[in-house]
Amino acid sequence: SETYDLIYGRITKTLFNKFCHCIERVLTTIDPAYELTKDKWFCASIFGKESKYSKSIIEGLLVSLIMLSSYDEDDSVFCDGSVKDCIDRLVSQVLHKVTTKEHWFTIVPHLQLLTEASPEAVLSKLENISQSDDQDFWALFDPPEDVLTGRTFNTDLLYAVEPLAWDPEFAVRAVHI
């Protein structure tokens, strides 16, 4: 937190735009593991199907996004409007590009951090898509084919929404999802 306090005043519009571009690029890149059949996801690296970006890079970017979102200024030097509004727009743009089940499989493990950065954007997306019959989204609830090596994505979704159920501002919407 103290480090962000030191660098916050030095963030330029150009630097912030590059950061936003980086976030969007990293979060909309589909993990190649999901090109394989489900029974091979757990050993995707053996087949040369590794994510272009490490989990540490993705989490570092998202933690930076969370830290920036905590600066609740009405007018920022590096973005149009408040920082929170800029981050809400960015997260909305990222989630708008999540259109396939492979996209959902890739982003849902990071949804909890995205929710912390922009609860409004994530809730809006989940409210809209949960009211649809979008089979790509509902694939998150498919049971794993193998108990030992299979993936369950619905728990990541629950971890993302659960903290919002404790927040009076979002509780009703979170419970409704």
Side-chain angles (χ1 to χ4, degrees), residues 3-4 17-69 87-166 170 174-177:
T3 305
Y4 286 93
N17 287 338
K18 286 180 181 181
F19 174 72
C20 290
H21 176 73
C22 187
I23 291 269
E24 192 168 344
R25 185 172 186 165
V26 168
L27 292 180
T28 58
T29 300
I30 297 173
D31 187 335
Y34 301 117
E35 295 171 4
L36 299 170
T37 57
K38 287 181 180 183
D39 63 322
K40 294 182 179 151
W41 287 352
F42 78 100
C43 61
S45 61
I46 293 171
F47 296 99
K49 300 290 185 180
E50 295 182 276
S51 181
K52 194 175 184 179
Y53 307 104
S54 72
K55 184 178 178 182
S56 297
I57 291 289
I58 296 169
E59 287 180 2
L61 287 169
L62 291 173
V63 167
S64 294
L65 196 64
I66 291 165
M67 295 304 293
L68 285 173
S69 73
I87 290 173
D88 284 345
R89 280 193 302 274
L90 172 62
V91 173
S92 290
Q93 288 170 356
V94 166
L95 293 175
H96 182 71
K97 293 181 179 185
V98 177
T99 56
T100 66
K101 64 182 171 187
E102 292 80 12
H103 272 118
W104 278 109
F105 295 159
T106 300
I107 203 161
V108 80
H110 310 292
L111 208 55
Q112 186 174 9
L113 293 176
L114 272 175
T115 302
E116 194 171 338
S118 177
E120 181 59 44
V122 174
L123 268 178
S124 292
K125 176 67 173 188
L126 292 177
E127 285 170 332
N128 289 335
I129 201 145
S130 67
Q131 299 301 316
S132 74
D133 61 350
D134 184 328
Q135 294 305 309
D136 292 325
F137 170 75
W138 292 108
L140 294 173
F141 297 90
D142 290 346
E145 292 176 4
D146 184 320
V147 220
L148 294 176
T149 59
R151 291 274 331 258
T152 54
F153 297 99
N154 57 339
T155 52
D156 291 318
L157 193 58
L158 290 172
Y159 290 143
V161 176
E162 188 266 337
L164 298 177
W166 296 100
F170 301 110
V175 169
H176 184 70
I177 290 175

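If you're wondering where the values come from, they're calculated on a predicted model, not measured in any experiment.
Residues passing the side chain to side chain contact (heavy atoms under 4.5 Å, CB included) test with Thr152 are Pro144, Asn154, Thr155, sequence neighbours excluded. Residues satisfying the side chain to side chain contact (heavy atoms under 4.5 Å, CB included) criterion with Ile57, sequence neighbours excluded, are Ser54, Leu61. Taking the side chain to side chain donor-acceptor pair (under 3.5 Å) definition, one finds that Glu59 meets it with nothing, sequence neighbours left out. Scored by the side chain to side chain contact (heavy atoms under 4.5 Å, CB included) test, Glu145 finds Lys38 as partners (sequence neighbours excluded). In terms of the side chain to side chain donor-acceptor pair (under 3.5 Å) criterion, residue partners of Asp39 (sequence neighbours excluded) are, by chain and number, Thr37. Residues satisfying the side chain to side chain donor-acceptor pair (under 3.5 Å) test with His103, not counting sequence neighbours, are Thr100. Listed by chain and residue number, nothing satisfies the salt bridge (Lys or Arg N to Asp or Glu O under 4.0 Å) test with Lys18 (two or more places apart in sequence, or in another chain). With sequence neighbours excluded, the residues that form a side chain to side chain contact (heavy atoms under 4.5 Å, CB included) with Glu120 are Asp88, Ser124, Phe170, Arg173. Ser45 meets the side chain to side chain donor-acceptor pair (under 3.5 Å) test with no other residue; sequence neighbours excluded.
The neighbour count for Lys125 NZ, taken as heavy atoms of other residues, nucleotides or ligands under 6.0 Å away, is above 12.
Considering only heavy atoms from C-beta on, Glu35 comes within 4.5 Å of Lys49 through its side chain. Residues Ile177 and Glu127 form a side-chain contact, since some pair of their non-hydrogen atoms from C-beta on lies under 4.5 Å apart.
Checked against the 6.0 Å centroid threshold, Phe153 and Trp104 do not count as a close aromatic pair.
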Dump the intermediate steps for side chain to side chain contact (heavy atoms under 4.5 Å, CB included) on Leu62 and His110, then the final yes or no. CA-CA 8 Å; Leu62 291 173; His110 310 292; 3.6 Å; yes
Report the C-alpha distance between Leu123 and Thr115 in whole Å, list the side-chain angles of each, state the deciding distance to 0.1 Å, and finish with yes or no for side chain to side chain contact (heavy atoms under 4.5 Å, CB included). CA-CA 8 Å; Leu123 268 178; Thr115 302; over 6 Å; no
Hey, mind stepping through Phe42 and Asp146 against side chain to side chain contact (heavy atoms under 4.5 Å, CB included) and telling me if it holds? CA-CA 11 Å; Phe42 78 100; Asp146 184 320; over 6 Å; no
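Both cation-pi conditions hold for Lys40 and Phe47: the charged atom is under 6.0 angstrom from the six-membered ring centre and inside a 45 degree cone around its axis.
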Per-pair distances, 0.1 Å, donor-acceptor, side chain in residues 157-166, under 3.5 Å, sequence neighbours excluded:
from	atom 1	to	atom 2	distance (Å)
Glu162	OE2	Trp166	NE1	2.7

Contacts table for residues 23-32: side-chain donor-acceptor under 3.5 angstrom, sequence neighbours left out:
from	atom 1	to	atom 2	distance (Å)
Glu24	OE2	Lys97	NZ	2.3
Thr28	OG1	Glu24	O	2.6
Thr29	OG1	Arg25	O	2.6
Asp31	OD1	Ala33	N	2.9

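Scanning all heavy atoms of the two residues, the minimum distance from Leu95 to Ala121 falls at CD1-O, 3.9 Å.
Atom CG in Leu65 sits 11.0 Å away from atom SG in Cys22 (nearest 0.5 Å).
Partner of Tyr34 under the side chain to side chain donor-acceptor pair (under 3.5 Å) criterion, out of Arg151, Glu102, Lys101: Arg151 alone.
Sorted by first and then second residue, the side chain to side chain donor-acceptor pair (under 3.5 Å) pairs with a member in residues 128-143 form an empty list; sequence neighbours excluded.
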